[in-house]
Structures are given as structure tokens and as C-alpha cells.
Number of protein chains: 2
Amino acid sequence: MMLQAVTEMMEGDGPTARQQDVLDAVLRLLVEEGDRLTMTAVARRASCSKETLYKWFGDRDGLLTATVQWQASKVRVPPVDRNGLDLASLTSSLERFASDWLRVISSDTSIALNRVGVVHAGSEKRDLGAIVLERGRFALGRRLKPVLEAGREAELLEFDDAETAFRTFFGLVARDVQIRLLLGDRLELTEAGIDGDAVRATQQFLALHGAKTGPMAL
Amino acid sequence: MMLQAVTEMMEGDGPTARQQDVLDAVLRLLVEEGDRLTMTAVARRASCSKETLYKWFGDRDGLLTATVQWQASKVRVPPVDRNGLDLASLTSSLERFASDWLRVISSDTSIALNRVGVVHAGSEKRDLGAIVLERGRFALGRRLKPVLEAGREAELLEFDDAETAFRTFFGLVARDVQIRLLLGDRLELTEAGIDGDAVRATQQFLALHGAKTGPMAL
DNA sequence: AAGTCACCGTACCGTACGTTACGGTTCGGC
DNA sequence: GCCGAACCGTAACGTACGGTACGGTGACTT
């Protein structure tokens with residue numbers, strides 16, 4: 001019964017165009033309604049039948065899981081070139097990461113998705129939380145660590161453990177922003193504010209982990 | 001109808017002993033079951049009737065709100081004495097704050113309560129999220145800022161804005177811990193690990209905001 | 001001893017929602 | 001032009017749960 005439905009999405013190469021439309025509808029509904037969206041509301045918004053929803057995604061959890069993965073797959077990552085790394089390019093890379101990250105975690109979609117992940121992590125179905133974590137926090141770590149290590153290679157950074165250094169950077173960038181937004185704080189982040197925070201966090205990180213050779217940046 | 005019920009708890013001096021027992025039961029149930037606890041389960045666990053629950057707390061939201069406030073009221077704050085502040089006492093104060101905070105946010109109770117706050121912040125009832133935020137993040141800020149300002153007064157710290165300085169400290173302490181725990185990551189924080197993190201965060205904060213007079217601490 | 005009060009346990013009600021079933025429509029293949 | 005597959009819209013089913021009603025019991029008052 002459900003086996004067939006699950007396979008329908010799991011096997012092969014991602015959702016079809018029509019399925020993507022449905023998932024985008026779920027995404028919008030998730031932003032508006034949070035976790036209390038109903039299957040009926042999804043069907044209505046996506047102009048599809050509930051029967052189709054169940055056929056494609058198995059059950060409500062399957063639909064949410066597919067939605068989270070669909071959103072995650074939309075975030076494409078420009079690789080960082082490790083050639084010709086100097087302090088200026090390292091600095092701007094870090095600033096770029098910081099502002100990108102702030103923009104992500106303060107977006108409506110991210111907040112809604114993280115909320116869903118949190119509430120599911122509280123019940124038996126831990127999967128959604130794990131997925132959000134994997135595609136969010138850990139994906140960022142995997143992307144940033146090579147940059148940090150290239151910086152160390154080029155003797156621009158000093159640290160023992162890339163993971164620890166990354167977590168410091170993460171803390172300096174995110175601070176209390178994510179928890180405040182998740183808890184419903186109206187935290188208006190302007191473009192200028194985000195860029196300013198990115199610069200500040202990067203400078204602080206360099207003050208802590210920048211190589212002490214030559215005049216310090218701060 | 002409900003007016004009477006609400007007043008029963010709101011007016012006057014907090015929950016009675018029996019009501020505290022009930023709220024503690026809710027707390028335990030919240031840790032075990034997350035937000036999907038039912039009123040029936042609460043009644044059974046607390047050995048009281050549902051009728052009594054509704055009489056005392058009005059409705060499900062009232063019960064959860066009372067629970068959050070009850071837990072928050074249990075956290076008592078030792079005031080920090082601002083006399084005879086030197087670098088050593090400032091450092092140990094900061095380390096104390098950091099380790100206390102890490103212990104709080106990694107406790108089962110805090111995780112469960114924050115989860116409830118997050119899910120409620122996603123629906124219309126933003127109150128619970130606001131309360132958690134107020135009793136958590138903002139309460140910490142109010143407690144820590146006087147310490148920071150005393151440190152600046154004593155020319156041990158340098159910063160423009162106490163709020164910004166606090167948020168930096170917050171980021172250095174919490175890093176990715178809270179979001180990982182909320183999303184269900186099994187993050188084992190040992191006593192030694194927490195204390196080590198507190199020391200590291202404090203040293204990093206002093207490196208960023210310690211007064212540059214005399215040899216630097218890092 | 002009778003009355004009152006607060007409370008427990010449980011049965012009950014209404015509804016919302018996940019899930020399933022079904023009739024009708026479109027569309028591609030023969 | 002016909003057939004079946006895929007899909008839409010909607011109705012129907014089952015259940016879980018928030019909220020209410022009610023009978024029963026112990027404690028306290030007079």
C-alpha cells in the first residue's frame with residue numbers, strides 16, 4: 001500500500017515539475033500556517049486532489065519530508081576557488097559566507113522549515129529535524145571548512161581544529177538571531193544591517209584566529 | 001466562563017502547592033512527549049481530573065503558559081557583587097555565566113520548553129514563544145549587562161554598546177549548541193566539556209573586548 | 001448528622017483532520 | 001472514436017483530542 005507510494009518519490013531523480021509545484025505550494029503554506037497546515041489546505045492550494053498527494057508522498061510526514069528536501073535542493077553552492085588566496089580574498093569569502101547565512105536563517109522559508117524540524121524532533125519522528133540540521137548547519141560547516149583550511153595553509157589563519165574554528169565563526173555570525181526568530185521575535189534585519197554584521201563577525205573571527213604575523217587586522 | 005478560570009491563576013500569588021505538583025507533572029510530560037501531550041495524559045499523570053485542569057488553567061494554552069512561567073520562576077538568580085572587581089573576578093563571573101547558560105540550554109526541560117515556544121510562535125498564539133524568549137535570552141541579557149558595564153567601569157573591558165557586546169558573548173558561548181539540540185541532535189555535553197567551553201568563550205570574549213592596557217590575556 | 005466544597009474518575013460531545021473511496025474529466029496511444 | 005491511466009474535486013470514514021457534564025468521595029463547617 002504505502003510502499004508503492006513511498007517508492008514513487010524515493011526512487012529515481014527527484015520530483016517532477018508538477019510535483020515541484022505542489023511542494024512549492026506546501027512551502028508557501030508552511031510559511032503562512034506553520035505546522036498546522038492540513039492536507040486539505042495543501043490540496044486546495046496546489047489544485048490537486050488529496051488522493052494524488054497520498055499517492056505521491058505516502059502520508060503527511062512524507063509530504064513534509066519531500067518539501068524540506070526540495071527546498072534544500074534549491075540552495076546551490078558556488079564553490080570557493082582556493083587559488084591566489086590572500087587576506088583580502090579570505091576576508092571577503094568569510095564575509096560572503098556570513099551574510100549569506102544570515103540571509104538564509106532570517107528568511108521566512110528557513111524559519112518555517114526550522115520550526116517544522118524542531119517540532120518533529122520533539123516527537124518520535126526525528127527525521128525532519130535531522131534533515132534540516134544536515135542541510136543547514138552541517139552543510140554550512142562542510143562548505144566553510146575548506147576555506148578555513150585553505151586560510152591556514154596560506155598562513156593567514158591559525159587554529160588547531162577546523163570544526164572548533166568553524167563553530168566559533170558560526171557563533172559570531174548567528175549570535176542570538178536564529179533562536180529569537182524561531183521564538184517569534186520581530187527582528188528586522190535590513191540588508192545594510194546584515195552586511196554590517198557579516199563584516200563585524202569576520203573581523204572578530206580574524207582577531208581571534210588571524211595569523212599574528214604582520215600587523216593585526218583589528 | 002473562562003474569565004473565571006483565568007483569574008483563578010492569574011490573580012494573586014502564584015500556584016498553590018497542589019497546582020505546582022500538576023505543573024511539574026506537565027513539565028515531565030513535556031520532556032517525554034513534546035508538544036503532543038494531551039489533557040487526558042496530564043490529568044492521569046498528575047492524578048487530577050480534567051475538570052480541575054480546566055477550572056484552574058482555563059484551557060490547554062493556559063496550562064502550557066502556566067507551566068512555562070512556573071519553570072521560569074524556579075530559576076533563581078544570585079546577584080553579582082560589583083565590589084572589588086578585578087580581572088580575575090570578572091573572568092570567573094563570565095565563566096560562571098557561560099557555564100550556567102550552557103547547562104540551562106542543554107537541559108531536557110529547557111529543550112522541551114523551547115520546542116513548545118517555537119511551535120507556538122509559528123501559530124497565532126505567539127505568547128508562549130515571547131515568554132520563553134523573555135525568561136531566557138532576554139533575562140540573561142539583563143543579568144549580564146551590569147557585569148559587562150561594571151567591567152567597563154573598572155577599565156577591564158572596552159565596548160561601545162553593552163547590548164552588542166552581550167550578543168557577541170552569547171554567540172561565543174552558545175554557538176550552534178541550541179539549534180542542534182532543538183533539532184534533535186544528540187549532543188552530549190559533559191560537565192568538563194561545558195566548563196572548558198565556558199573558559200574558551202570567556203577568553204575569546206576578553207580577547208575581543210578586554211582592555212588593551214597591559215599584556216593581553218590571550 | 002447534615003450540608004457544602006473541592007476534587008477525582010469517567011463518560012460523553014463536537015469537531016477537526018488524516019486517510020480512503022469514488023464519480024467525473026482530460027489526455028495520450030491505438 | 002475508444003481505452004486506460006492519471007488526475008481533480010468532493011464526499012465519506014475513523015479516530016484522536018479538546019472541552020464539558022455528572023456521579024461519587026473525602027474533609028471541613030456548623
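Lettering follows sequence order; numbering is per chain, from 1.
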| request: Name every residue in residues 28-42 of chain B that has at least one heavy atom under 4.0 Å from any atom of DNA chain D, in order of residue number, or write none if there are no such residues. | output: B:Leu37, B:Thr38, B:Met39
| Between D:dC17 atom C1' and B:Leu64 atom CG, what is the distance in whole Å? | 14 Å
| said: Would you call the rings of B:Phe170 and B:Trp101 parallel, tilted or perpendicular, taking 30° and 60° as the class edges? | reply: tilted
| Over how many whole Å does the gap from B:Leu63 atom CG to D:dG19 atom P extend? | 10 Å
| message | I'd like to check A:Arg180 versus B:Leu133 (side-chain heavy atoms, cut-off strictly below 4.5 Å). Are they in contact? | response | yes
Under 3.5 Å, which protein N or O atoms sit close to an N or O of nucleotides 10-15 of chain D? Give each pair with its distance.
none

| said: In whole Å, I'd like the distance from the CZ atom of B:Arg18 to the P atom of C:dC5. | reply: 21 Å
| query | Expressed in angstrom and rounded to an integer, what is the separation of B:Asp21 atom CG from C:dC8 atom C1'? | reply | 15 Å
| query | Regarding B:Ser49 and B:Thr52, is there a side-chain donor-to-acceptor distance under 3.5 Å anywhere? | reply | yes
| remark: Separation of C:dC22 atom C1' from A:Lys55 atom NZ, nearest Å, is 15 Å
| With respect to B:Leu30, which candidate in B:Ile111, B:Val42, B:Leu113, B:Asp108 satisfies the side-chain contact (heavy atoms from CB on, under 4.5 Å) definition? | B:Leu113
| Given atom CH2 of B:Trp56 and atom C1' of D:dG18, what is their separation to the nearest angstrom? | 19 Å
| field | Sub-4.5 Å side-chain heavy-atom contact between A:Trp70 and A:Val26 | value | no
| task | Let me see the working for A:Asp185 and B:Arg137 under salt bridge (Lys or Arg N to Asp or Glu O under 4.0 Å), right down to the final yes or no. | result | CA-CA 11 Å; A:Asp185 195 3; B:Arg137 148 71 177 84; over 6 Å; no
| task | Taking the side chain as every heavy atom from C-beta outward, state whether B:Ser110 and B:Gln71 have any atom pair closer than 4.5 Å. | result | no
| message | Considering every strand and a 4.0 Å limit on heavy-atom distances, what is the contact class for A:Arg44: base, sugar-phosphate, or nothing? | response | nothing
| Just to confirm, is there a sub-4.0 Å distance from OP1 or OP2 of D:dC7 to any side-chain nitrogen or oxygen of A:Thr52? | no
| request: Figure out the CD/P separation between B:Gln19 and C:dC8, and round it to whole Å. | output: 11 Å
| request: Check whether any side-chain heavy atom of A:Phe169 sits under 4.5 Å from a side-chain heavy atom of A:Leu144, and report yes or no. | output: yes
| said: What I'd like to find out is whether the side chain of B:Gln69 reaches to under 4.5 Å of the side chain of B:Lys74, using heavy atoms alone. | reply: no
